[in-house]
Amino acid sequence: MKALLLNGSPREGNTYAALAALKKGFANIENLTIKEIAANDVFVSPCLACEVCHDSGECVFDDDTNDIMDAVVGADVIVFATPVYWWGITAQLKLIIDKFYSRSSQLMECKKQVGIIVVGQMPVEDTQYEIIRKQFECISDYLGWDIAFCNTYSAYDARDLENNADAINEIEGLWNLIK
Ligand SMILES: Cc1cc2nc3c(=O)[nH]c(=O)nc-3n(C[C@H](O)[C@H](O)[C@H](O)COP(=O)(O)O)c2cc1C
């Protein structure tokens, strides 16, 4: 089984800490290989809606898009981890998700389990987390993927989440939800 972790944060902060805890827990899953992509460290040009990918199955840009899409297609489990930026996911992560367009028929053919981790300054009751969860529900419904978990945490300073033992314990246990 292959897991792909997509980190939407540009800094070594709360999302990074969440993924570190997740990887610790995922070590309990037998035969799981993990690939992690930091969206801020790759070069993905914005989608041009040129539609060339609809015939070729490849994005026209000579950037990291096609390699990332190969990893997305090949993954059994995809974890989207993102800070909240302006009530939504980060632009870095959205650039990658937009490129799912280039492989949408392929992505619909393969069942995937999805995990979502969202970290924002606001308390977890805030509407922003509902908006983001809904977005991933729509994406997963469209592609026929199953959401294994969608967890939200309130943290602001870069070290806040790693100092929240309850949150870190909960994230370490999420591997239990992968079938
Ligand atoms: C550009 C920007 C926009 C933000 N917008 C929001 C927001 O709309 N809601 C919120 O709760 N936090 C917002 N935040 C705070 C971050 O979500 C929060 O600090 C988060 O823990 C950062 O995660 P990271 O440490 O993984 O980068 C924003 C931060 C930045 C830099």
Side-chain angles (χ1 to χ4, degrees), residues 2-29 32-47 63-65 67-69 71-72 75 77-100 112-141 145 147-178:
K2 289 182 188 163
L4 175 64
L5 315 183
L6 295 174
N7 180 349
S9 173
R11 68 177 183 176
E12 209 172 291
N14 299 308
T15 310
Y16 182 90
L19 286 174
L22 190 78
K23 282 185 281 185
K24 201 169 163 198
F26 271 17
N28 291 303
I29 304 177
L32 183 78
T33 59
I34 298 174
K35 182 179 171 71
E36 190 170 355
I37 294 174
N40 198 59
D41 296 345
V42 291
F43 182 38
V44 176
S45 312
C47 177
D63 60 10
D64 293 322
T65 300
D67 287 343
I68 296 171
M69 290 309 117
V72 171
V77 178
I78 302 181
V79 177
F80 299 92
T82 183
V84 183
Y85 277 11
W86 290 94
W87 289 266
I89 67 174
T90 60
Q92 290 92 329
L93 182 59
K94 185 60 163 50
L95 283 173
I96 291 177
I97 292 174
D98 282 354
K99 296 297 181 73
F100 286 9
K112 295 188 192 298
Q113 295 179 75
V114 173
I116 301 136
I117 296 176
V118 184
V119 188
Q121 172 186 6
M122 299 300 284
V124 291
E125 295 77 26
D126 194 277
T127 318
Q128 62 188 8
Y129 303 104
E130 216 178 305
I131 293 169
I132 294 171
R133 195 190 64 242
K134 258 287 166 237
Q135 179 176 18
F136 282 108
E137 281 174 5
C138 291
I139 292 170
S140 303
D141 280 354
W145 296 352
I147 295 181
F149 57 83
C150 178
N151 285 46
T152 54
Y153 299 96
S154 177
Y156 179 63
D157 288 327
R159 304 271 83 82
D160 280 352
L161 196 73
E162 74 178 23
N163 291 326
N164 179 343
D166 289 345
I168 294 297
N169 272 340
E170 184 175 66
I171 297 167
E172 281 180 16
L174 290 173
W175 69 274
N176 267 308
L177 301 173
I178 300 298

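Whatever order the structure lists them in is the order used to number ligands and atoms, beginning at 1. Positions are given from 1 along the sequence. Bear in mind that the values here come from a model prediction, so they are computed numbers and not experimental data.
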Practice task
Run the salt-bridge test on Glu130 and Lys134 with the 4.0 Å N-O cut-off and return the result as yes or no.
Solution key: no

Problem - Flag, side chain of Ser140 to backbone of Trp145, donor-acceptor distance under 3.5 Å - result: no

Handout entry: Enclosure of Lys112 NZ (heavy-atom neighbours >12, cutoff 6.0 Å)
Key = yes

Problem - Neighbour count above 12 (heavy atom, 6.0 Å) for Phe26 CZ - result: yes

Problem - Residue from Asp63, Thr65, Ile68 passing side chain to side chain contact (heavy atoms under 4.5 Å, CB included) with Phe43 - result: Asp63

Problem - Member of Ile117, Asn164, Leu19 meeting the side chain to side chain contact (heavy atoms under 4.5 Å, CB included) criterion with Ile171 - result: Ile117

Completion exercise
Pocket residues around ligand 1 (non-hydrogen, under 4.0 Å) come out as Ser9, Arg11, Gly13, Asn14, Thr15, Pro83, Val84, Tyr85, Trp86, Trp87, Val119, Gly120, Gln121, Met122, Gln128, Ala155, Tyr156

